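Naming convention: chains lettered A, B, ... in sequence-line order (proteins, then strands); numbering from 1 in each chain. A quick note: this is a predicted structure, and the numbers were derived from the prediction, not measured.
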2 protein chains.
Amino acid sequence: MTVVDTHAAVDSRRAWEVVLQHIEADLLAGRLVPGDHLPAERALSSELGVGRSSVREALRVLEVLGLIRTQTGSGPQSGAIIVARPSGGMSSLMRLQVAAQGFDVRDVVKTRLVLEAAVVTELAEASATALESAPLDLGDAVRLLDAMDADGQVSEAEFLTLDAAFHLALADLSGNTVIASMMAGLRNSIESYVLAGVPNLRSWAETSGRLRHEHRAIVAAIESGDAESARDVVNAHITGYYAETNFISTSE
Amino acid sequence: MTVVDTHAAVDSRRAWEVVLQHIEADLLAGRLVPGDHLPAERALSSELGVGRSSVREALRVLEVLGLIRTQTGSGPQSGAIIVARPSGGMSSLMRLQVAAQGFDVRDVVKTRLVLEAAVVTELAEASATALESAPLDLGDAVRLLDAMDADGQVSEAEFLTLDAAFHLALADLSGNTVIASMMAGLRNSIESYVLAGVPNLRSWAETSGRLRHEHRAIVAAIESGDAESARDVVNAHITGYYAETNFISTSE
DNA sequence: TCGTAAGCTGTGGTCAGACCACATGGCCTG
DNA sequence: CAGGCCATGTGGTCTGACCACAGCTTACGA
């Protein structure tokens, strides 16, 4: 007897693709939901008739894409567990594509602008229609702004981290997980460029002051339900910083 | 006393992460550019001091993310080659996140709406400022519309495929590769839902006729440089279809 | 001389088996 | 009854061995 079947149709998919598609099918059918454990690697291996290394290649992909979390040891927390956290995968994808020149940094910034405008528009409109009894709560975002106001106590890198967290908090508040994870990925992919641009600023104190002021203006516009104004401020906020740091070639 | 080594710095990264970060560093430094070959798996293995299986796990990730293409055999086309094609990775990521319930389908549609509006706005503005000598060329997109007009000759699935290609062509024409690959991923991740919604339509002939008409209206608005009108049509175009197919719960 | 066919070489693709570190949970001992 | 020990099962890794494949080299024959 041969090792491979000779009459049945040969599966031209690579072994790890078989594993990946098997798991995807289980997810689509609802047989696997967030929180569930995947079968053990050795079990999947024998169940699907592929080597354990092929199973591991598929699991590695799922891990990087943010679908599973793996843990060694034994017990309820060990093994591969479905988590479905998209932002990590989005960040890896965009960061690597920028590194490999698949994404132009200018397009990343432009896209961030589009999404950011959509987020504040959504929030402002939600705020305008919010009931008295359930007003829009921007608490998480405002707390980050307060942390940025500790003048002299916050380094440039820390400030920019808080800045990123603020914009991400707005995206989260909009309730759109797709946009939120995209924003996380976009920001993450150009983080090193943002930091590298700081020395190009005329005055950090001046710029950070302006950024702080603009952040407050964004919050105010959202809370007053003024979508158009929120969009304008956000637009100036982002393009201004990049222009000051010569982040983007001005030839555009 | 701790278990870990006290003199040498322990590399807590997993072996495959070492490989991934090594390649990412080479990309960032420009030592690897699109078209280049990666070292052979066995060479990377010994060079980085990890097992070949760990190298393969890293390469698998890069392949799924759309950074490399692998090919068996010998010669100039064999091996792993940097390609940096983001749309495949974006599609895998979004499709799996939707399957794993990390992305809500309604958010996917909303996000598509945001990006689509940005694309047509960009195109309309570009058209408005285009020189007589170099007018905006929507040829690729229009050809797809012509293909959709072969009444009775195009199946529902084919029509929807052409529809997707039309919107993707617009995104490509906008020149923003980030948005274009996002649109590809978004559309891809809900393709099965789009197809599944067709039977819910009152009349396919009626709906497809309306879609065709709206497509032409989008093109016309872009060519006339009317960004606002283009946005409105695109908005009605997309939300209309999803409403007709009960694709999205109306409770929202 | 030239063309063709054979085989050589190096590539990714896969598998099997062997360890390791680790975390749990039950068992055994005091 | 309490505490520590170890069996068990998990992912993480490495090694070595094949295979299929594609290009290149070589040798053979017309």
Side-chain angles (χ1 to χ4, degrees), chain A residues 1-6 9-23 35-83, chain B residues 1-6 8 10-23 35-83:
Chain A
M1 199 50 201
T2 58
V3 188
V4 259
D5 193 330
T6 47
V10 177
D11 197 339
S12 66
R13 294 178 299 176
R14 288 187 276 175
W16 62 272
E17 289 181 295
V18 173
V19 181
L20 207 52
Q21 291 173 12
H22 175 81
I23 294 173
D36 283 356
H37 278 71
L38 250 53
E41 293 178 357
R42 292 162 177 86
L44 266 177
S45 167
S46 68
E47 181 184 335
L48 300 178
V50 300
R52 190 181 160 210
S53 51
S54 298
V55 171
R56 285 183 59 75
E57 289 181 23
L59 294 190
R60 201 60 52 233
V61 169
L62 292 176
E63 182 177 344
V64 171
L65 292 185
L67 267 86
I68 65 172
R69 171 179 71 75
T70 61
Q71 184 85 22
T72 63
S74 72
Q77 291 306 306
S78 75
I81 302 178
I82 312 278
V83 293
Chain B
M1 202 50 206
T2 59
V3 191
V4 274
D5 187 338
T6 48
V10 174
D11 196 341
S12 64
R13 292 178 301 176
R14 287 186 277 175
W16 63 272
E17 289 181 295
V18 173
V19 181
L20 207 52
Q21 290 173 13
H22 175 81
I23 294 173
D36 283 356
H37 278 71
L38 250 52
E41 294 179 357
R42 292 164 178 85
L44 266 177
S45 168
S46 68
E47 180 184 336
L48 299 178
V50 300
R52 189 180 160 212
S53 49
S54 298
V55 171
R56 285 184 58 77
E57 289 181 22
L59 295 191
R60 201 58 53 232
V61 169
L62 292 175
E63 180 176 343
V64 170
L65 291 185
L67 267 88
I68 64 172
R69 169 179 73 74
T70 61
Q71 184 85 18
T72 63
S74 73
Q77 290 306 306
S78 76
I81 303 178
I82 312 278
V83 293

Checklist entry - Just by protein heavy atoms under 4.0 Å, how would nucleotides 11-18 of chain D read 5' to 3' in B, S and -? => result BBBBB-BB
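From B:Ile23, atom CD1 reaches atom CG of B:Leu67 across 9.5 Å, with rounding to the nearest 0.5 Å. Atom OG of B:Ser53 is separated from atom CD of B:Glu41 by 10.0 Å, given to the nearest 0.5 angstrom. Note that CD of B:Glu57 is 8.0 Å distant from CH2 of B:Trp16, once rounded to the nearest 0.5 Å. Taking CG from B:Leu62 and OG1 from B:Thr70, the interatomic distance works out to 11.0 Å, rounded to the nearest 0.5 Å.
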Polar-atom pairs under 3.5 Å, protein N or O versus N or O of nucleotides 3-9 of chain C: list them with distances, or write none.
none

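One axis for each end of the helix from C:dT1-D:dA30 to C:dG30-D:dC1, each built from five base pairs, and the angle between them comes to 30° at 10° resolution.
The side-chain contact (heavy atoms from CB on, under 4.5 Å) test applied to B:Ile81 returns B:His37, B:Arg69, B:Gln77, not counting sequence neighbours. Remark: B:Glu17 pairs with B:Arg13, B:Arg14, B:Gln21 by the side-chain contact (heavy atoms from CB on, under 4.5 Å) rule, at least two apart or across chains.
The shortest heavy-atom contact between A:Ile82 and A:Leu38 is CD1-CD1, 3.3 Å. The two residues A:Ser78 and A:Thr72 make their nearest non-hydrogen contact at CB-O, 3.8 Å.
Ion pairing between A:Glu63 and A:Arg60 holds under the 4.0 Å rule for side-chain N and carboxylate O.
Between A:Glu47 atom CD and C:dC15 atom P there is a gap of 15 Å when expressed in whole angstrom units.
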Contacts under 3.5 angstrom, residues 42-50 of chain A side chains, donor-acceptor by atom type, not counting sequence neighbours:
from	atom 1	to	atom 2	distance (Å)
A:Ser45	OG	A:Val50	O	2.6
A:Ser45	OG	A:Arg52	N	3.4
A:Ser46	OG	A:Ala43	O	3.2

